[in-house]
Amino acid sequence: MADSAQAQKLVYLVTGGCGFLGEHVVRMLLQQEPRLRELRIFDLHLGPWLEELKTGPVQVTAIQGDVTQAHEVAAAVAGAHVVIHTAGLVDVFGRASPETIHEVNVQGTKNVIEACVQTGTQFLVYTSSMEVVGPNIKGHPFYRGNEDTPYEAVHRHPYPSSKARAEQLVLEANGRKVRGGLPLVTCALRPTGIYGEGHQIMRDIYYQGLRLGGRLFRAIPASVEHGRVYVGNVAWMHVLVARELQQRPALMGGQVYFCYDKSPYKSYEDFNMEFLGPCGLRLVGTRPLLPYWLLMLLAALNALLQWLLRPLLLYAPLLNPYTLAMANTTFTVSTNKAQRHFGYEPLFSWEESRTRTIRWMQAMDSSAQ
Ligand SMILES: NC(=O)C1=CN([C@@H]2O[C@H](COP(=O)(O)OP(=O)(O)OC[C@H]3O[C@@H](n4cnc5c(N)ncnc54)[C@H](O)[C@@H]3O)[C@@H](O)[C@H]2O)C=CC1
Ligand SMILES: C[C@H](CCCC(C)(C)O)[C@H]1CC[C@H]2[C@@H]3[C@H](O)CC4=CC(=O)CC[C@]4(C)[C@H]3CC[C@]12C
C-alpha cells in the first residue's frame, strides 16, 4: 500500500538535465518512474526539446540556473524528494580553466549538498565518473576491476581531480541531518566512457573522419581495452538507484557503483568503429601507424600550441597528453555490485545499444547533407 499511497507524489530534480546524459535521465524518468508528480530540470542552457515534455501527465519544470550559484540551487531543490546531480563541466581538452572546472564540479556539488541539507531533501544521487579511480598518471592498467579493486588513484588533471573531490563530498554527506531531522542518503554512480545518441565526441570523431576522406588512422594498439557503457543503461541505472535508495538507505547510502552493461571490451578506436563503420568510415591499420613517442610529441606540441594561441583563439584538439594517456591505458570494469544491491540489469542489450547509436549517427549524417 505504501507504493499506491505514494503514487504520483514525488518531485525529482535533475541538474544538468539538458546535457548528453541528463536528457536521457529525464526521458527515462518520465517513462519509468510512475510515482513522479513533478520533474524539475535545472541547467545552464535549456534545450528546446523540453517543450514537447510539458504536455504529458507529469509536471515538467524547466529551470535555467547555474550550480555555482548557491541561491539558485537552493531555490530549485526546495521541495524536491530526490536530486540527481549530473551537471558538470566535462573538459579534458583544455577548453575551460582549471578554476572553472573546480568551481562547477566541486563548488557546484557543495551547493547541491547544502541545498539538500537546508531545504530537507533526503535523497541525492551523484553522477561521478570512472575517472575518479583512473587511469592514474602512472598509466597503471585497471583490468576488469570492480568497486573494491585496489588501485592507486593519483590525479593531476583538473577534471578527474574535481570529480574525485566532488564524489568524496557527496559520500561524506551521507547521514547528515537534513531540515526536519531525517538523514541525507547519498550515493555515487561511476560511468565508464558513455556512448549513444547525442554523444558529442563521437560526432566530432565522425566529422574528423569525413574530412580525412572517410578514413581514421589507428593510433592506439587494439590490445588496450577501454570501458564503455550505453547512455540508456546509464540513465536507467540513475532511475533505479534513485528509486531503490529510498527503499534501502542502510545498504545503499554512502556507496559507489560503476555503471556497466554488456558492451564489449575493445580499444577506444575499435569500439567507435562499431558505429562509425556502418556509417561508411574505415580505420586504417591493424597496428598504430605512428610510434607512441611520436604521438606523445604531437600531443605535447598540441598542448604548447594551445598555450601559445590562448590569447588569440581556443585551440583544443582531441589529441593532447592527457587524452592520449587515457586512450592508451587499459581501464575496464567487471562487477555485479549494482545487480546485488538494487537489482540492476541493463535495459538495453549490446545489439540494441549499437543499433540505436548507429541509427542516430545515420540520421545526423543525412541531416548534415
Ligand atoms: N560523457 C562521459 O563519457 C561521462 C560523463 N560523466 C559525468 O556525467 C555527467 C554528465 O556528462 P555529459 O552528459 O557527458 O556532459 P554534458 O556536457 O553533455 O552535460 C553536462 C550538463 O551540465 C550542464 N552544466 C554545466 N555547467 C553547469 C552549471 N554551472 N550549472 C548548471 N548546469 C551546468 C551543461 O549545460 C550540460 O547540459 C557529468 O557530471 C560528467 O562528469 C561521467 C563519466 C563519463
Ligand atoms: C578523446 C579521447 C580519444 C582520443 C584518441 C586519440 C588520442 C588517438 O586521438 C578519449 C579517450 C578516452 C576518453 C575519456 C574516457 O572515455 C573517460 C571519460 C570519462 C568522463 O567522465 C568524461 C569523458 C572521458 C574523460 C572521455 C573523454 C574522451 C577520451 C579522453
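Here the structure is a predicted model, which means the values were calculated and not measured. What's counted below: heavy atoms across the whole structure, side chains too, no hydrogens, waters or symmetry copies. Both counts, for ligands and for their atoms, begin at 1 and track the order of listing.
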Undergrad: Does His226 have a non-hydrogen atom less than 4.0 Å from ligand 2?
TA: yes

Undergrad: How does Tyr159 reach ligand 2, if at all, at less than 4.0 Å between non-hydrogen atoms: by side chain, backbone, both, or neither?
TA: side chain

Undergrad: Should Glu33 and Arg35 count as an ion pair when the cut-off is N to O under 4.0 Å?
TA: yes

Undergrad: Look at the aromatic rings of Phe20 and His24 and report parallel, tilted or perpendicular, splitting at 30° and 60°.
TA: perpendicular

Undergrad: So, do Leu29 and Val26 sit near enough that their side-chain heavy atoms are less than 4.5 Å apart?
TA: no

Undergrad: With the threshold set at under 4.0 angstrom, would you say Phe331 reaches ligand 2 through any of its heavy atoms?
TA: no

Undergrad: Could you check whether Phe123 and His81 have their ring centres less than 6.0 Å apart?
TA: no

Undergrad: Protein heavy atoms: any of them under 4.0 Å from atom 3 (C) of ligand 2?
TA: yes

Undergrad: Can you list every salt bridge (charged side-chain N to carboxylate O under 4.0 Å, His left out) pair that touches residues 113-129, not counting sequence neighbours?
TA: Glu114-Arg176

Undergrad: Ignoring hydrogens and geometry beyond distance, is a side-chain donor-acceptor pair present between Tyr230 and Glu197 at under 3.5 Å?
TA: yes

Undergrad: Among protein heavy atoms, which lies nearest atom 28 (C) of ligand 2, and at what distance?
TA: Ile201 CD1, 3.6 Å

Undergrad: Got a sec, which residues hit side-chain hydrogen bond (donor to acceptor under 3.5 Å, both in side chains) with Glu167, two or more places apart in sequence or on another chain?
TA: Ser128, Arg190

Undergrad: When the side chains of residues 178-188 are checked against the rest of the protein, which donor-acceptor pairs come out under 3.5 Å, sequence neighbours left out?
TA:
| residue | atom | partner | partner atom | Å |
| --- | --- | --- | --- | --- |
| Thr186 | OG1 | Val170 | O | 2.8 |

Undergrad: From atom 8 (C) of ligand 2, work out which of Ala219, Pro191, Ser128 has a heavy atom at the shortest distance.
TA: Ala219

Undergrad: Would you say Arg282 has more than 12 foreign heavy atoms packed within less than 6.0 Å of its CZ?
TA: no

Undergrad: Which protein residues come within less than 4.0 angstrom of ligand 1, counting heavy atoms only?
TA: Gly16, Cys18, Gly19, Phe20, Leu21, Asp43, Leu44, His45, Gly65, Asp66, Val67, Thr86, Ala87, Gly88, Val90, Val104, Thr127, Ser128, Ser129, Tyr159, Lys163, Pro191, Thr192, Gly193, Ile194

Undergrad: Please report which non-hydrogen protein atom sits nearest to atom 25 (C) of ligand 2, along with the residue it belongs to and the distance in Å to one decimal place.
TA: Glu131 OE2, 3.1 Å

